[in-house]
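This report concerns only the one structure given below.
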Amino acid sequence: MLEEVERWLARRSWSVSDRPLDRVLAAKRGTKVSVVLPALNEEATVGDIVSVIRRELMTESVPLVDELVVIDSGSTDRTAEVAAAAGARVVARDAILPRIPAVPGKGEVLWRSLMVTSGDVVCFVDADLRDFSADFVTGIVGPLLTDPDVDFVKAMYDRPFGDTPGQGGRVTELVARPLLNLHWPQLAGFVQPLGGEYAARRSLLERLPFPVGYGVELGLLVDALHTVGLDALAQVDVGVRKHRHQDGQALGRMAAAIYRTAQLRLSRGHLVRPRLTQFERGEKGFEPRTYAVDTEERPPMAEIAEYARRRVA
């Protein structure tokens, strides 16, 4: 590990207990905090997450979160209804920036969320978390409120796989961590580089391009490093993350998108064939299934005319 990273770990790697809630609230002053949950068919979990945030972080005595928005990415279940009943403002992905046709993908939703939120600090939380704790929000928002030199904060946590501790995050260990260590060794200290829980200053997010799909976490992390430098990045231990795990086929598609995102940032070169073929056993043996790899990216939100007009207004 680079000496620079070792120093960073000592200086910019914390536990949620390092910043008690009263200290975080005292440092908030006039800073507005928005929490965004990107959601696609998460009726089983999104309501509990919204309820915890409303109950513990949006009260008269604890006014940490000013805005709680669920961006519904075309759910076919009761995600929107459940989220609204729990107290979130629900916005349909396709209703945001209708001039630009939406494409599938988590990064697309996060990018569009900047248009319908107004917080100086924007906190992203995945909507499939179980046993959700408000520490996921206070932990990653805290450094942004207490330290003006920090611009981007990732959550870190244990990721059990079923009942087995520490075995979650398979794409992180097999794809993202090797890529970061080999090509961006300054980022080797991040425990959960692909984690979906992170917070950043709007002034940074609006300057970054957003990969539309699974590559969004790696893309934002790498681009934040190049935009503001390692010392403006941080991570906070928030405990344990429990969520729905995807099957191996889905993880393969995720890995391909992440590799593509890394490749773009390494060379901005042409990928001959941005597709991934996987195999499933069928009646006639193994049958190929070919999927497109996410290659599209959204430009920095600061370049979007509607966003610029909203800021002037």
Side-chain angles (χ1 to χ4, degrees), residues 1-2 5-6 8-9 12-16 38 40 105-107 109-110 123-133 135-136 139-140 152-200 208 210-226 230 233-266 276 278 291 293-294:
M1 183 177 291
L2 297 175
V5 177
E6 292 181 350
W8 177 84
L9 282 169
R12 291 287 189 246
S13 191
W14 299 294
S15 167
V16 64
L40 176 62
K106 178 184 178 183
V109 175
L110 300 184
C123 173
F124 299 122
V125 176
D126 281 350
D128 66 342
L129 303 189
R130 295 183 288 109
D131 301 332
F132 178 76
S133 167
D135 286 349
F136 275 75
I140 56 179
F152 187 98
V153 184
K154 295 278 292 190
M156 57 177 167
Y157 32 66
D158 295 320
R159 293 186 67 180
F161 186 67
D163 296 327
T164 305
Q167 295 301 309
R170 290 162 287 173
V171 176
T172 292
E173 299 304 329
L174 296 175
V175 180
R177 200 176 307 286
L179 282 171
L180 292 176
N181 276 264
L182 291 171
H183 299 296
W184 296 281
Q186 286 179 297
L187 298 175
F190 277 93
V191 175
Q192 297 292 352
L194 299 185
E197 291 69 46
Y198 47 102
L208 302 179
F210 277 62
V212 299
Y214 287 128
V216 64
E217 272 80 31
L218 183 133
L220 290 177
L221 187 60
V222 169
D223 292 342
L225 172 69
H226 291 309
L230 181 60
L233 314 182
Q235 63 183 348
V236 176
D237 186 349
V238 296
V240 178
R241 184 186 197 268
K242 298 179 181 179
H243 66 112
R244 183 187 68 253
H245 291 281
Q246 301 193 58
D247 62 32
Q249 297 276 311
L251 295 179
R253 297 190 290 275
M254 181 185 299
I258 289 166
Y259 180 81
R260 169 60 171 168
T261 300
Q263 183 194 49
L264 283 172
R265 279 151 182 78
L266 286 168
L276 173 72
Q278 298 176 315
Y291 303 88
V293 174
D294 295 321

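This is a predicted model, so every value here is computed, not measured.
- L221 contributes atom CG, which lies 11.0 Å from atom CD of Q186 (distance to the nearest 0.5 angstrom).
- The CG atom of L187 sits 5.5 Å away from atom CG of L180, with the distance rounded to the nearest 0.5 Å.
- Looking only at side-chain heavy atoms (C-beta outward), E197 and V238 stay at 4.5 Å or farther from each other.
- The two atoms that bring A188 and N181 nearest to each other are CB-OD1, 3.4 Å, heavy atoms only.
- Atom-to-atom distance recorded for D135:CG and I140:CD1 is 11.0 Å, nearest 0.5 angstrom.
- The shortest distance between side-chain heavy atoms of R241 and D126 falls below 4.5 Å.
- Contact detail for V236 and G139: the closest heavy-atom pair is CG2-O, 3.3 Å.
- Heavy atoms only, all atoms of each residue included: V240 and F136 are closest at O-CZ, 3.4 Å.
- Pairs engaging residues 180-195 under the salt bridge (charged side-chain N to carboxylate O under 4.0 Å, His left out) rule: none recorded [sequence neighbours left out].
- The closest side-chain heavy-atom distance from V171 to Y214 is not below 4.5 Å.
- When the salt bridge (Lys or Arg N to Asp or Glu O under 4.0 Å) test is applied to K154, no partner is found at least two apart in sequence or on another chain.
- When all heavy atoms of G219 and P211 are compared, the closest pair comes out as CA-CG, 4.3 Å.
- Using bins of under 30°, 30° to 60° and over 60° for the plane-to-plane angle, the ring pair W8/F190 lands in the tilted bin.
- For the pair Q235 (side chain) and V191 (backbone), a donor-acceptor distance under 3.5 Å is present.
- Sequence neighbours left out, not one pair with a member in residues 180-190 passes salt bridge (charged side-chain N to carboxylate O under 4.0 Å, His left out).
- In this structure, D237 has no salt bridge (Lys or Arg N to Asp or Glu O under 4.0 Å) partners at least two apart in sequence or on a different chain.
- Applying the side-chain hydrogen bond (donor to acceptor under 3.5 Å, both in side chains) criterion to H226, with sequence neighbours excluded, gives W184.
- Rounding to the nearest 0.5 angstrom, the gap separating the CG atom in L174 from the CG atom in L251 is 9.0 Å.
- A pairwise comparison of heavy atoms in W14 and A234 identifies CZ3-CB, 3.5 Å as the closest pair.
- Using a 4.5 Å cut-off on side-chain heavy atoms (C-beta onward), V5 and P185 make no contact.
- In this structure, the side chain of E217 does not engage the main chain of P193 through any donor-acceptor pair within 3.5 Å.
- To the nearest 0.5 Å, atom CG of residue L110 and atom OH of residue Y198 are 4.5 Å apart.
- A 4.5 Å side-chain heavy-atom check between R12 and L233 finds every atom pair outside the cut-off.
- Partners of R177 by salt bridge (Lys or Arg N to Asp or Glu O under 4.0 Å), not counting sequence neighbours, listed by chain and number: E173.
- Taking all atoms of both residues into account, the shortest heavy-atom contact from P38 to A127 is O-CB, 3.4 Å.
- Atom CG of L179 is separated from atom CG of L218 by 7.0 Å, given to the nearest 0.5 angstrom.
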